[in-house]
Amino acid sequence: MSHLASVRTNLDPLFKESLKIMNQPLTRVASAELVAAVSEAGLGVIPATHFTPDEISAFCSLVKKRTTRPFAIALDVDESAFDTSHVPELIAELAPLLEELGLPTELTEETASDLGLLEPPSLQECFGAAIAQSPCAMIAQYGGFREPEAEVLEGAGIVNMAFCTTLKEAKVLRSAGCQVLIAQGAESSGARMTFEEDSAMSVGLMSLVPSASQVTGLPVVACGGIWCSEQLVALQALGDSIGAMLGTALVNLKESGASEAYRYWATQGQVGDTTVASTYDSVPARMLKNSFTGWYWEGSPIPRKVYQRLFATIEKAAAEAGRNDLLVYELGSSIGRAQYRCISDVVKHLLS
């Protein structure tokens, strides 16, 4: 049996429909309720990017209480050093905002926790915790699983999936043993999962899907601005697209973890209300414009994970302080089209 055929055989039992539906692992949207609901129709994805091993186990338990269907777990596989040596420069520039939000304005051993800058668990620890939950698929973000993890996945019969944002990344993932590509187009909400190219590069979904499919020969799940059946028909006609990963289109589902304001913009906003900014993430991310998205760090380079955790802490403090103008709403080009209220509506309209 060929590599491609065996992958299709492994994937087919995971979905109830001929077209595979998945949820994008957006932490503010993908609650346990939503992941379970998507699994009932397709394949729910647990957003474990920033989870500790204990949090992975706890979240999976919540999903398992709500469905007996298979699910996937998404992990950040970037193993760059958690280097905070240049953070004091960043904190000095942000000091007025940090003080306003009641956060420390200096990084010390005592304040590291309050700033969200304690070194996170290793990939190996999180990977081990995820494998223990017996997912049907594991999804790599910001890279691909390396040989030791890929061998574990193969031995356990777990499908090896990963995000790509360019054709070069698709080729790298194919060489590393990835079995299913998730092609993230420029239309997608949230951070771009780039790892091999200039982070400013942006490739549209309709260009990325067929090229990734044709060059690698791998099944491809399309991710970016998808909300209607016509898009899916077009994607399938372009190449070997086997499914769709939805983000913004799922924000207004009853099971979504999104706030009321998030839901409002997802259903009533326009593309012009979004921007691609690196304010809250050191890689470009598509989100709703706010009073802070025009700012960007021009100082010494800071590792992505360090940067992400500091700004996640800032956003959390902003929410507690009622500073809604500083909050992050990850919304893609399907903003204003999130009209679905339950997963059965999604299946009915996308597969009609």
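Just so you know, residue 1 is the first one in the sequence shown, and it goes up from there. Values reported hereafter were calculated over all heavy atoms of this structure, with side chains retained and with hydrogens, waters and symmetry mates removed.
Separation of atoms OG (S57) and CG (L62) is listed at 11.0 Å; rounding is to 0.5 Å. Here the straight-line distance linking atom CZ of F292 with atom CG of L327 works out to 12.5 Å at 0.5 Å rounding. Rounding to the nearest 0.5 angstrom, the gap separating the CG atom in D83 from the NZ atom in K305 is 13.5 Å. Going from atom NZ of K289 over to atom OG1 of T279 covers 12.5 Å, rounded to the nearest 0.5 Å. Residue T248 holds its OG1 atom at 7.0 Å from CG of L26, rounded to the nearest 0.5 Å. To the nearest 0.5 Å, atoms OG (S39) and CD1 (I21) are separated by 12.0 Å.
Between the side chain of R286 and the backbone N or O of R192, no donor-acceptor pair lies under 3.5 Å. Using modelled atom types, no side-chain atom of Y340 and backbone atom of V347 make a donor-acceptor pair closer than 3.5 Å. No donor-acceptor distance shorter than 3.5 angstrom exists from the side chain of S189 to the backbone of L331, with no hydrogens or angles considered. Here the side chain of T216 pairs a donor or acceptor atom with the backbone of L218 at under 3.5 angstrom. Formation of a donor-acceptor pair under 3.5 Å by the S31 side chain with backbone atoms of L34 is found in this model. A distance-only check finds no donor-acceptor pair linking the side chain of R341 to the backbone of K254 [under 3.5 Å]. No donor-acceptor distance shorter than 3.5 angstrom exists from the side chain of S207 to the backbone of V203, with no hydrogens or angles considered. Formation of a donor-acceptor pair under 3.5 Å by the E187 side chain with backbone atoms of G332 is not found in this model. Not a single donor-acceptor pair under 3.5 Å links the side chain of S188 to the backbone N or O of G224.
For the pair R309/P120, a side-chain contact is recorded, criterion being any heavy-atom separation below 4.5 Å from C-beta on. With contacts defined as side-chain heavy-atom distances shorter than 4.5 Å, the pair Y329/S259 qualifies. Put simply, the side chain of L97 reaches to within 4.5 Å of the side chain of L326, judged on heavy atoms. With contacts defined as side-chain heavy-atom distances shorter than 4.5 Å, the pair F195/F163 does not qualify. Looking at heavy atoms from C-beta onward, C136 lies out of side-chain contact with F71 at the 4.5 angstrom threshold. Proximity of V221 to L181: side-chain heavy atoms (C-beta onward) are nowhere separated by under 4.5 Å. Contact check for R263 versus S256: side-chain heavy atoms found under the 4.5 Å cut-off. When side chains are defined from C-beta on, L75 does not count as touching I139, because their heavy atoms never get closer than 4.5 Å.
Annotation: side chain to side chain donor-acceptor pair (under 3.5 Å) contacts of K171 (sequence neighbours excluded): none. Qualifying side chain to side chain contact (heavy atoms under 4.5 Å, CB included) partners for S80, counting only residues two or more places apart in sequence or in other chains: D78.
Ring-plane geometry between Y280 and F311 is classed as perpendicular, the angle between the planes exceeding 60 degrees on a 0 to 90 degree scale with a lower cut at 30.
Salt bridge present: E100 and R323 bring a charged side-chain N and a carboxylate O closer than 4.0 Å. Salt bridge annotation for R28-E330: present, with a cationic side-chain nitrogen under 4.0 angstrom from a carboxylate oxygen.
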Verdict with supporting geometry, L310 and T84, side chain to side chain contact (heavy atoms under 4.5 Å, CB included): CA-CA 10 Å; L310 175 61; T84 60; over 6 Å; no
Which is it for L205 and Q231 under the side chain to side chain contact (heavy atoms under 4.5 Å, CB included) test, yes or no, and what are the steps along the way? CA-CA 10 Å; L205 196 63; Q231 291 171 299; over 6 Å; no
Start with the C-alpha gap between Q184 and M245, add the side-chain angles, then the distance that decides, and say whether side chain to side chain contact (heavy atoms under 4.5 Å, CB included) holds. CA-CA 9 Å; Q184 185 189 29; M245 176 174 275; over 6 Å; no
Let's go through C60 and I73 carefully: what are the C-alpha distance in whole Å and the side-chain angles of both, what is the deciding distance for side chain to side chain contact (heavy atoms under 4.5 Å, CB included) to 0.1 Å, and is it a yes or a no? CA-CA 9 Å; C60 289; I73 300 176; 3.8 Å; yes
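In terms of heavy-atom proximity, Y296 sits nearest to S278 at CB-OG, 4.1 Å. Pairing each heavy atom of A30 with each of F59, the nearest pair is O-CZ, 3.4 Å. Between Q179 and I158, the closest heavy-atom pair is OE1-O, 3.8 Å. The heavy-atom pair separating E79 from R146 by the smallest distance is OE2-NE, 3.5 Å. Contact record, L232 with A244: CD2-CB, 3.5 Å, taken as the closest heavy-atom pair. Looking at every heavy atom in both residues, A183 comes nearest to V220 through CB-CG1, 3.7 Å.
More than 12 heavy-atom neighbours from other residues, nucleotides or ligands sit within 6.0 angstrom of CD on E125. Other residues, nucleotides and ligands contribute at most 12 non-hydrogen atoms within 6.0 Å of the CD atom of E154. More than 12 heavy atoms of other residues, nucleotides or ligands lie within 6.0 Å of CD in E55, so this atom counts as buried by the packing criterion.
Placement of M193 and Y307 in two distinct hydrophobic clusters is found when ILVMFWY residues are connected by side-chain heavy-atom separations under 4.5 Å, directly or transitively. If you chain together hydrophobic residues whose side chains sit under 4.5 Å apart, M138 and V172 never meet in one group. Residue F127 is not grouped with residue V159 when hydrophobic side chains (ILVMFWY) are merged at heavy-atom distances under 4.5 angstrom, including chains of intermediate members. Both I131 and I46 belong to a common hydrophobic cluster when Ile, Leu, Val, Met, Phe, Trp and Tyr are linked at side-chain heavy-atom distances under 4.5 angstrom. There is no path of hydrophobic side-chain contacts, each under 4.5 Å, that joins V45 to F145.
Residues Q270 and W265 bring no donor and acceptor atom of their side chains to less than 3.5 Å of each other. A side-chain donor from one of D281 and Q308 sits under 3.5 Å from a side-chain acceptor of the other. No side-chain donor from either of E99 and T105 sits under 3.5 Å from a side-chain acceptor of the other. Between E169 and T194, the side chains place a donor N or O and an acceptor N or O closer than 3.5 Å (distance only, hydrogens not considered). Between the side chains of E40 and T67, a donor-acceptor pair is found at a separation under 3.5 Å. A donor-acceptor contact under 3.5 angstrom links the side chains of Q141 and T49, judged on distance only.
A cation-pi arrangement is found for R304 relative to Y142, the charged atom lying closer than 6.0 Å to the ring centre and inside a 45° cone about the ring normal.
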